Amino acid sequence: MRLLRKPVTGFAIGAVLLFGVAPLALGDFRLDLLAKYLCFAIVAVGIGLAWGRGGMLTLGQGFFFGLGGYAMAMHLKLADAGPGQMPDFMLLYGQLDELPWWWRPFANPLFALSATVLLPMFTALLLGLLIFRRKVRGAYFAILSQALCAAFAILLIGQQGTTGGTNGLTNIQGFFGYDLNDPVNRRTVYFIVAAALLAVLALTWQLMRSRYGELLVAVRDGEERVRFLGYDPANVKLVAYVAAAGMAGLAGALFVPAVGIVSPAMIGVVPSIEFVIGVAVGGRASLLGPALGAIAVAWAKTALSERVPSAWTYFEGLLFILPIVFLPGGLASLAGTIRRRSRPSAVVETPAPAKVEVTT
Amino acid sequence: MSGLSVRDLRVVFDGFVAVDGVDLDVPRGDVRFIIGPNGAGKTTMVDAITGLARATGRVTWGDHDLLGRKVHRIARLGVGRTFQTATVFEELTVLQNLDIAAGWSRGPLTLLRKRKAVPAEVENAMETVRLSAVRDRLAGTLAHGQKQWLEIGMLLVQNAELFLLDEPVAGMSHDERDATGELLGRLSENHTVVVIEHDMDFLRRFARTVTVMHAGRKLAEGSVAEVQANPKVQEVYLGHAVQEA
């Protein structure tokens, strides 16, 4: 029971911070920013599971984030335009006489909402089957996943008439009947994002502490060895990969009402790497590390860009290199080291990666 | 119930013939030692049997053909192996290692829940390989001998019927060897055991039958005494070892 109580306390503290302290302490503008950071944190939790526990360096989570984001934005654009109407940008470019067929189902809110999570998961399932069955891993997996999100961004940019091109889907006004210009409604969106983050954390916590979580670590550290125990490691990895994709999709879907836009620049290679940086800084193998790291890095980006806009890129590079070289377990491992020193016989609860799979 | 049967097994790496037409029969319940100089193809043969190395010929265990099956499918048929350098999951505890080894047939619902109690077979295996006292230690912190025992324990809970042990006592202290030998004796009561070994003293004490390999071929086979008396064997291998011992 003692084990049960500790994480519950942690969740309670998190809930108080997110639902009590933050809305009181932050103004509307900062709270909007926090909602955006929390979306990144949701992606990061999934990366922590896939990379930290599963050893899969997912450098292209922007792809799944984008699938979720575009699914949501397409629905909101259609809802803004009204029944039977086309979104404003399609009328503006004037290339189309009617709504493209693949836009139509997104007019249905139920379809669009489930698509934000299920579409990324289904895509990840198909990709994962191809990738893991062929034993693609390590740097090759990382490069493949990055190429995927680059290709997706290029595809979106190329299809300006139907996707909004480089601009993306912008100027989103309403969220299921609520006006997003109203600060009260924006606050509600923040609460939804915060609740989603807690739910994703709870789900990941259960996955990590379950027998599956132990098996995932075993696959990470000895994929070949696991085969001799009768497991197909491809299936084990697939579960974590699909779960991470679903989380990225959910985050993308919530990002749209929180920020009011989704565009290729937010889902391409650079943002995908930024997701991973937050996870590396926070500690990829822990539960909270990736989420806190993602929030910290996103906050640092805003803070630094406000003061010295040109410095961010260099700082970002440092952030990626330093933890991987000097602190592979991220900031979360610092706490573990201190705890172990005070309780020498304690069993390590979050197994840190045995080795750095890929460092570039 | 027939045991392990190998017919005309050939393994070729880039033109190099590592195993060259080996026939091998290990009846159920046997404790077979496979010896031979380095490069004789012993480990490669085990790799072929367990699906790690591509091979031609025929390998059967009971009623099942093994060649061409995937590694995890062969493991599910009750063929288990250990490695020269003990490979356990170092970031997991002894208990977690054994629990994972016991679990390939678990359904998704069991997998997605936390382990509530220690399964009986895991408890028994920990007892058998004398690791109960260190169950919550990370496997990476175990002594070399203990890691080897953990691997054997993993085979036990995995429900392996055929144990292929690759140099299980290499690098062990004298006491650890004795304990391992005793463990082999107990295993052989209801398992078929194949041991690749260099240690002649260990072989004399615990082998029931011996196969000698040399340059990818089978050189001799029989009881320890028969093999030791074989002049061909003495020439390539045992002769030197006998004089040393």
Side-chain angles (χ1 to χ4, degrees), chain A residues 1 3-4 7 52-55 132-135 203-236 238-240 242-243 285-286 328-329 333 336 340 344-355, chain B residues 46-47 50-52 69-83 85-116 119 134-141 151 154-155 157-160 164 166:
Chain A
M1 279 294 108
L3 269 171
L4 250 177
R53 294 295 175 115
F132 301 135
R133 286 275 151 87
R134 278 158 205 269
K135 304 185 186 177
L203 177 75
T204 309
W205 175 67
Q206 176 60 27
L207 279 178
M208 283 181 174
R209 71 201 274 266
S210 69
R211 277 181 152 127
Y212 168 78
E214 294 173 353
L215 181 57
L216 185 63
V217 170
V219 169
R220 177 193 72 192
D221 294 343
E223 185 166 337
E224 286 309 314
R225 184 68 183 87
V226 167
R227 291 184 205 280
F228 290 98
L229 300 178
Y231 295 99
D232 187 351
N235 295 339
V236 180
L238 202 55
V239 172
V242 169
S286 69
S333 69
R340 263 200 302 285
S345 63
V347 178
V348 183
E349 278 165 22
T350 53
K355 56 183 192 261
Chain B
V46 168
D47 285 350
T50 54
L52 194 58
R69 283 182 201 259
K70 288 184 175 168
V71 168
H72 68 276
R73 300 269 174 214
I74 293 174
R76 289 177 184 188
L77 293 174
V79 178
R81 73 173 291 184
T82 63
F83 296 82
T85 43
T87 39
V88 293
F89 306 114
E90 309 220 325
E91 301 293 325
L92 298 173
T93 66
V94 169
L95 176 58
Q96 287 172 327
N97 267 277
L98 288 170
D99 188 59
I100 286 172
W104 67 259
S105 58
R106 285 182 190 133
L109 270 179
T110 316
L111 272 179
L112 291 176
R113 278 201 306 256
K114 192 178 156 63
R115 177 181 54 252
K116 290 270 159 47
V134 291
R135 61 173 68 197
D136 290 325
R137 286 256 304 273
L138 292 184
T141 66
E151 276 212 292
M154 286 159 79
L155 294 185
V157 294
Q158 189 184 336
N159 270 331
L164 303 164
D166 198 351

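Computed over heavy atoms, backbone and side chain alike; hydrogens, waters and symmetry mates excluded. All figures in this text were calculated on a predicted structure; none of them were measured in a lab.
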Which region of V239(A), side chain (C-beta onward) or backbone (N, CA, C, O), has a non-hydrogen atom less than 4.5 Å from a non-hydrogen atom of chain B, or is it both or neither?
-> neither

One should read off an interatomic distance between Q96(B) CD and L138(B) CG, to the nearest 0.5 angstrom, of 8.0 Å

Check whether NZ of the Lys or CZ of the Arg R81(B) lies under 6.0 Å from the centre of the six-membered ring of F83(B) and within 45 degrees of that ring's axis.
-> yes

With a 4.5 angstrom heavy-atom cut-off, could you sort out which part of L215(A) is near chain B: side chain, backbone, both or neither?
-> both

Contacting moiety of Q158(B), where chain A heavy atoms sit under 4.5 Å = side chain

Could I get the full list of salt bridge (charged side-chain N to carboxylate O under 4.0 Å, His left out) partners for R115(B), not counting sequence neighbours?
-> E214(A), D99(B)

T110(B) portion near chain A, given a 4.5 angstrom heavy-atom threshold | both

Lys/Arg cation over aromatic W104(B): R106(B), 6.0 Å, 45° cone | no

